[in-house]
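Each remark here refers to the structure printed beneath this line.
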Protein chains: 2
Amino acid sequence: MDAATALIIYRTYLERYVTFSTEEWEAFTQHVTFTKLKKKQHFATADTVCDKFGFLVSGSVRYYHIINGEDITSYFSFEQEFTSSYKSFLTRTPTITYIQALEETRLINISYDAFQQMLANPILAHKMERFGRLVAEHYLCCYEDRVASFITQSPEERYLQLLQTGRDILQRMPQHYIAHFLGITPVSLSRIRKRILEPVIK
Amino acid sequence: MDAATALIIYRTYLERYVTFSTEEWEAFTQHVTFTKLKKKQHFATADTVCDKFGFLVSGSVRYYHIINGEDITSYFSFEQEFTSSYKSFLTRTPTITYIQALEETRLINISYDAFQQMLANPILAHKMERFGRLVAEHYLCCYEDRVASFITQSPEERYLQLLQTGRDILQRMPQHYIAHFLGITPVSLSRIRKRILEPVIK
DNA sequence: TCAATTTCTTATCTTTTGTTAACGTTTTGA
DNA sequence: TCAAAACGTTAACAAAAGATAAGAAATTGA
């Protein structure tokens, strides 16, 4: 896949949020970059500022933390989704999260400086404010549900809900990543799966 | 406190996000309403659409869910903070969260319709897009930290961190609310407190 | 291809948390 | 003011989860 194709995919996706005139799109594309990550390469690294806001044209990434030397996965993003260590990107402070490609992954990135330049550019400012608002609102809604799941549901209930709503995650991620994503250990998830399946067999 | 005083407080706070000219503030204030909630009155109710985005001029609220008939507190907001069932407000879908005043509370509210009107008003549109973006980004950053705390920390670690950063919550909320906010039961929080204090005494 | 690594399950044991109930204290509100 | 309700702690027991290790199966990558 070449950059031109990636930009077509990007534009199609972005138009869920804002539509661009030819002139606006021309100006916009001058601020983005097309990159690739090989499997296991990092998009963001803990203790550094994440200065890009990316869009996954193809591939997938996982978010993870190193806690007492252990690798703890907290989230995933797939093709046709954005990725960034958002707080770090917005506040220009070091992130605590690694973001790693799980396969050959193609991205289109907006750097922090490019984002600021677009916000200061009369041709793009209003659309970029709106775009930034709608994207932040979208992820806010996702986070609201996720926090509620930790407060109101048991690990088993969270897994049962994932079975209904998490096709990409379930089919494409190893179980020990999913376990940490649910806030439990891999051994515990294995037991939960056994608890759920056994009554069906009997 | 009267509405005029409340508006001064509101404007001072909002100017952390955007500044208003006299004309803009004039137009803006025509879209907001000043209201009061008595103790235990609700700002939002589960299974209904939350159609306001509020600012707490004074007082405080808690967010809670009813799970199997039990009251589970998930969050708090205090004076000089916004409050809303944000996802419900943005998506116009029923919320699953109750928001209840914990004391006599004064608010300034923006209704969903007022927000849309301001976004469509040439005088205010750009500032409101920016305001909406910055507010959403701010809460996104808070949520990012909170989700990370559930993935990477034990309940005891979350409580220890709250001891360092949660003065308002610790001083103004009963312990059983704090327990559910941390994702555990009140009995469990009582034990954690005992574990933490005992080594100090010995 | 084939050894190394990763992944998942299972078992054992420990620790933590949940559940329920009781008790004393504090707060509330009529 | 005073009874009722709310609050925090503790105990006892059950359930769940964490830690560690072992082993089998699947996957990987040189």
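What you see below is based on every heavy atom in this structure, not just the backbone, and it leaves out hydrogens, waters and symmetry mates. Letters go in sequence order (proteins before strands), and every chain restarts at 1. Nothing here was measured: the structure is a model prediction, and the numbers come from that model.
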Exercise. How close or far is atom C1' of D/dT10 from atom CG of B/L189, stated in whole angstroms?
Worked result: 14 Å

For this session: Verify the contact: side-chain N or O of B/H176 to OP1 or OP2 of D/dG8, cut-off strictly under 4.0 Å; return yes or no.
Result: yes

For this session: Look at B/S190 and D/dG8 and indicate whether a side-chain polar atom (N or O) is within less than 4.0 Å of OP1 or OP2.
Result: no

Problem set entry | Length of the line joining B/M173:CE and D/dA6:P, which is rounded to integer Å | 17 Å

Exercise. C/dT17 phosphate, OP1 or OP2: any side-chain N/O from B/T185 under 4.0 angstrom?
Worked result: no

For this session: Rounded off to whole Å, could you give me the CD-to-C1' distance for the A/E104 and D/dG29 pair?
Result: 16 Å

Exercise. Parallel under 30°, tilted from 30 to 60°, perpendicular over 60°: which one fits the rings of A/F131 and A/Y17?
Worked result: perpendicular

Exercise. If you take atom types as modelled and just measure distance, does the side chain of B/R191 reach the base of D/dG8 with a donor-acceptor pair under 3.5 Å?
Worked result: no

Exercise. When you check the phosphate oxygens OP1 and OP2 of C/dT6, does a side-chain N or O of A/Q175 lie under 4.0 Å from one of them?
Worked result: no

Seminar exercise, completed: Quick note, A/R195 side chain, CB onward, closest among C/dT16, C/dG29, D/dA16 is D/dA16

Problem set entry | Salt-bridge contact B/E104-B/K40 (side-chain N to carboxylate O under 4.0 Å) | no

Exercise. Quick one: is B/S188 getting a side-chain N or O under 4.0 Å of the C/dG18 phosphate, OP1 or OP2?
Worked result: yes

Exercise. Is the shortest side-chain N to carboxylate O distance from B/R106 to B/D2 below 4.0 Å?
Worked result: no

Exercise. Are A/F20 and A/F28 an aromatic pair by the rule of ring centers under 6.0 Å?
Worked result: yes

Exercise. How many Å lie between NE2 on B/H180 and P on C/dT17, as a whole number?
Worked result: 15 Å

For this session: With the side chain of B/P174 defined as its heavy atoms from C-beta on, choose the nearest nucleotide among D/dG18, C/dT28, D/dC7.
Result: D/dC7

Exercise. Taking atom C1' of D/dA19 as reference, at what distance in whole Å does atom CD of A/E70 sit?
Worked result: 10 Å

Exercise. In whole angstroms, how far is the C1' atom of C/dG18 from the CD1 atom of B/I184?
Worked result: 11 Å

Problem set entry | Close aromatic pair by centroid cut-off 6.0 Å: B/Y13 and B/F82 | yes

For this session: Let me know the distance between NZ of B/K38 and C1' of C/dG29, rounded to the nearest Å.
Result: 15 Å

Exercise. Where each residue is assigned the nucleotide of DNA chain C containing its nearest heavy atom, which of B/K40 and B/P186 is assigned the position nearer the 5′ end?
Worked result: B/P186

Exercise. Does B/R193 put a side-chain nitrogen or oxygen below 4.0 Å from OP1 or OP2 of D/dC7?
Worked result: no

